[in-house]
Amino acid sequence: MLKFGNNGKFRVMHITDTHIQNENAEASLFLIEEAVRRELPDIAVITGDNVLNYDDESVTKGYIERLMNIFEKYSVPSAVTFGNHDSETGALSRGELMQIFSSYPCHVAAADVKPFAETSYNVPVMSNDGKNTVFNLWIFDSGDYDSEGHYGCMSEEDVLWYEKKCDELTALHGGKAVPSLAFQHIIVPEVYEALRMTKKRKLYSFRHMYKRDEYYMFSPDGINYGTLNETPCSGYENFGQFDAMVRKGDVLAVFSGHDHTNAFGVKYKGIDIMNSLSTRSESDRFSSQYGYRIIEIDENDPTRYETYVSRWYNMFSLNDIKALKQKGDFFGASVVSCVKYRGLIQRFLTFTGRSFCRIVTGRKNTY
């Protein structure tokens with residue numbers, strides 16, 4: 001049973017796009033464990049592109065075990081769904097991957113996902129006394145690719161399942177919608193309706209995923225959060241997931257990953273469309289600004305939430321490097337040193353770019 005703490009709070013850690021594989025496993029797992037150890041959330045929601053699916057399933061299972069053992073070690077419940085890459089290659093299907101993840105005691109869907117091929121489910125959050133459902137988490141599988149090779153979206157079958165399950169929860173909640181957050185890998189296509197469209201490329205504007213003559217940026221007339229750093233890579237098809245959530249009135253925000261450097265949100269039709277950073281270490285220039293998101297809900301007012309993004313370069317201090325060396329963890333010290341060094345460069349470039357945009361165009365590109 002998941003429930004609010006004695007302080008009336010419930011904290012969710014959003015982890016996404018870990019992309020655990022041979023090349024980055026050691027550094028990525030080190031950073032993820034450090035984040036979990038420091039935050040100790042009430043649940044970690046892991047939204048796809050989790051582990052590279054190898055032809056040798058024992059390698060895939062080995063990396064899944066190392067990832068899940070972090071949550072086991074710190075007694076942090078976890079909920080997993082999948083992205084476009086999880087079943088793109090390798091020996092294991094999505095259903096088989098869910099069966100593996102669900103075999104760990106820390107995974108909340110262990111007793112609920114039947115059959116294991118079903119990779120969308122919900123996680124109720126009880127009041128501190130355990131008597132009532134106060135909040136709900138939707139864990140949605142947004143698919144991988146459509147028949148034309150475009151990015152996927154939540155299936156029509158899963159949308160119908162969501163509507164039916166939402167009605168059941170509402171009936172059990174005295175006819176009132178249970179306040180909820182939704183988590184999935186691929187961002188909903190309605191994100192483009194919440195942004196401002198221009199026909200010409202402008203500074204910090206990004207081309208529509210499927211329309212070559214349309215560019216998008218924050219709308220100063222809308223409610224915006226965070227920073228838009230790349231094109232939102234939504235699905236091409238749309239089976240009405242977002243409209244269903246608007247009709248049901250339970251979802252406060254839908255959180256996605258997929259776009260590794262985006263850490264932003266826009267409000268549309270009463271729902272926050274949010275994107276979180278890739279939670280890994282990689283050899284690219286953005287590694288130091290990757291990280292995770294924390295979301296906090298208050299039992300006294302579960303219709304609201306607070307959230308912030310923590311980047312790797314902000315998580316550590318120079319004292320951390322010294323402490324790691326003193327205990328003999330020279331690998332960890334090297335990872336943190338690299339993150340701090342690259343982070344200094346990345347922060348300078350980000351600050352310069354944002355300032356230049358504001359001075360030249362008079363437009364904000366971060367909120």
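Treat the numbers as computed from the prediction; the structure is a model and nothing was measured.
Here Ile271 contributes atom CD1 and Leu252 contributes atom CG; the two are 8.5 Å apart, rounded to the nearest 0.5 Å. If you take CD1 on Ile294 and CZ on Arg11, they are separated by 4.5 Å, rounding to the nearest 0.5 Å. Taken to the nearest 0.5 Å, the CG atom of Leu92 stands 5.5 Å off from the OG1 atom of Thr60. Taking CE of Met245 as the start and CD of Gln241 as the end, the distance is 4.5 Å to the nearest 0.5 Å. Atom OG1 in Thr307 sits 5.5 Å away from atom CE in Met274 (nearest 0.5 Å). For the atom pair CG of Asp86 and OG1 of Thr119, the computed distance is 10.0 Å after rounding to the nearest 0.5 Å.
One N or O on the side chain of Arg94 and one on the backbone of Gly83 form a donor-acceptor pair closer than 3.5 Å. The backbone N or O of Phe316 sits less than 3.5 Å from a side-chain atom of Lys340, completing a donor-acceptor pair. Using a distance-only test at 3.5 Å, with no hydrogens or angles considered, a donor-acceptor pair links the side chain of His185 to the main chain of Thr47. The backbone N or O of Glu299 lies less than 3.5 Å from no partner atom in the side chain of Lys9, so there is not a single donor-acceptor pair. Within the 3.5 Å criterion, the main-chain N or O of Met197 finds no donor-acceptor partner in the side chain of Tyr192. A side-chain donor-acceptor contact under 3.5 Å links Thr18 to the backbone of Asn50. Put simply, the side chain of Ser355 never gets that close to the backbone of Thr352: no donor and acceptor are under 3.5 Å apart. A donor-acceptor pair is defined here as one N or O able to donate and one able to accept, closer than 3.5 Å; no such pair exists between the side chain of Asp167 and the backbone of Lys164. In this structure a side-chain-to-backbone donor-acceptor pair under 3.5 Å is present from Asp259 to Cys233. With hydrogens and angles disregarded, no donor-acceptor distance shorter than 3.5 Å links the side chain of Asn229 to the backbone of Asn262.
For Glu193, the CD atom is densely surrounded, since the number of other residues' heavy atoms within 6.0 Å is greater than 12. Residue Lys325 places its NZ atom among 12 or fewer non-hydrogen atoms of other residues, nucleotides or ligands, all under 6.0 Å distant. Crowding of Lys199 atom NZ: a count of heavy atoms from other residues, nucleotides or ligands under 6.0 Å exceeding 12. The number of heavy-atom neighbours closer than 6.0 Å to CD of Glu157, taken from other residues, nucleotides and ligands shown, is 12 or below. Within 6.0 Å of CZ in Phe356 there are 12 or fewer heavy atoms belonging to other residues, nucleotides or ligands. Within 6.0 Å of atom CZ in Phe351, 12 or fewer heavy atoms from other residues, nucleotides or ligands are found, so the atom counts as exposed in its surroundings. Heavy atoms from other residues, nucleotides or ligands lying under 6.0 Å from OH of Tyr341 number 12 at most. Counting non-hydrogen atoms of other residues, nucleotides and ligands closer than 6.0 Å to CD of Glu306 gives a total of 12 or fewer.
A centroid separation of less than 6.0 Å is found between the aromatic rings of Phe140 and Tyr162. With ring centers used as reference points, Phe242 lies under 6.0 Å from Tyr268. The six-membered or imidazole ring of Tyr367 lies away from that of Tyr225, with a centre-to-centre distance of 6.0 Å or more. Separation of the Tyr216 and Phe206 ring centroids does not fall under the 6.0 Å cut-off.
Contact between Asn224 and Gly222 at its shortest, heavy atoms only, is ND2-O, 3.6 Å. When all heavy atoms of Asp141 and Asp158 are compared, the pair lying nearest together is O-OD2, 4.1 Å. In terms of heavy atoms, Gly291 sits closest to Thr279 at O-OG1, 2.8 Å. Closest heavy-atom contact between Asp42 and Leu2: O-CD2, 4.0 Å. Residues Arg311 and Ala263 come closest through the heavy atom pair NH2-CB, 3.8 Å. His173 approaches Pro179 most closely through the heavy-atom pair CE1-CD, 4.5 Å.
Contact annotation: the side chain of Met315 never approaches that of Glu39 to less than 4.5 Å [non-hydrogen atoms, C-beta and beyond]. Contact check for Asn122 versus Leu169: side-chain heavy atoms found under the 4.5 Å cut-off. The closest side-chain heavy-atom distance from Asn84 to Asp49 is below 4.5 Å. Val335 is not listed as a side-chain neighbour of Leu324, based on a closest heavy-atom distance of 4.5 Å or more. At least one side-chain heavy atom of Phe71 sits under 4.5 Å from a side-chain heavy atom of Ile46.
For the residue pair Glu296/Tyr308, the side-chain donor-acceptor check at 3.5 Å is not satisfied. Donor-acceptor pairing under 3.5 Å is recorded for the side chains of Ser127 and Asp129. Using modelled atom types and a 3.5 Å distance limit, the side chains of Arg293 and Ser276 yield a donor-acceptor pair.
Ring planes of His19 and His260: perpendicular class, angle over 60° (limits at 30 and 60°). Between Tyr54 and Tyr63, the ring planes are tilted. Angles from 30° to 60° get that label. Using cut-offs of 30° and 60° for the angle between ring planes, the Tyr292 and Trp312 rings count as tilted.
Ionic pairing of Arg66 and Glu26 is present here: one or more N-O contacts between side-chain nitrogen and carboxylate oxygen are shorter than 4.0 angstrom. Between Arg196 and Asp221 a salt bridge is recorded (basic side-chain N to carboxylate O distance below 4.0 Å). Between Lys269 and Glu190 there is no salt bridge, since no side-chain N of the basic residue sits under 4.0 Å from a carboxylate O of the acidic one.
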Q: Would you check, one step at a time, whether the test salt bridge (Lys or Arg N to Asp or Glu O under 4.0 Å) holds for Arg38 with Asp320?
A: CA-CA 13 Å; Arg38 292 166 184 240; Asp320 290 316; 3.5 Å; yes
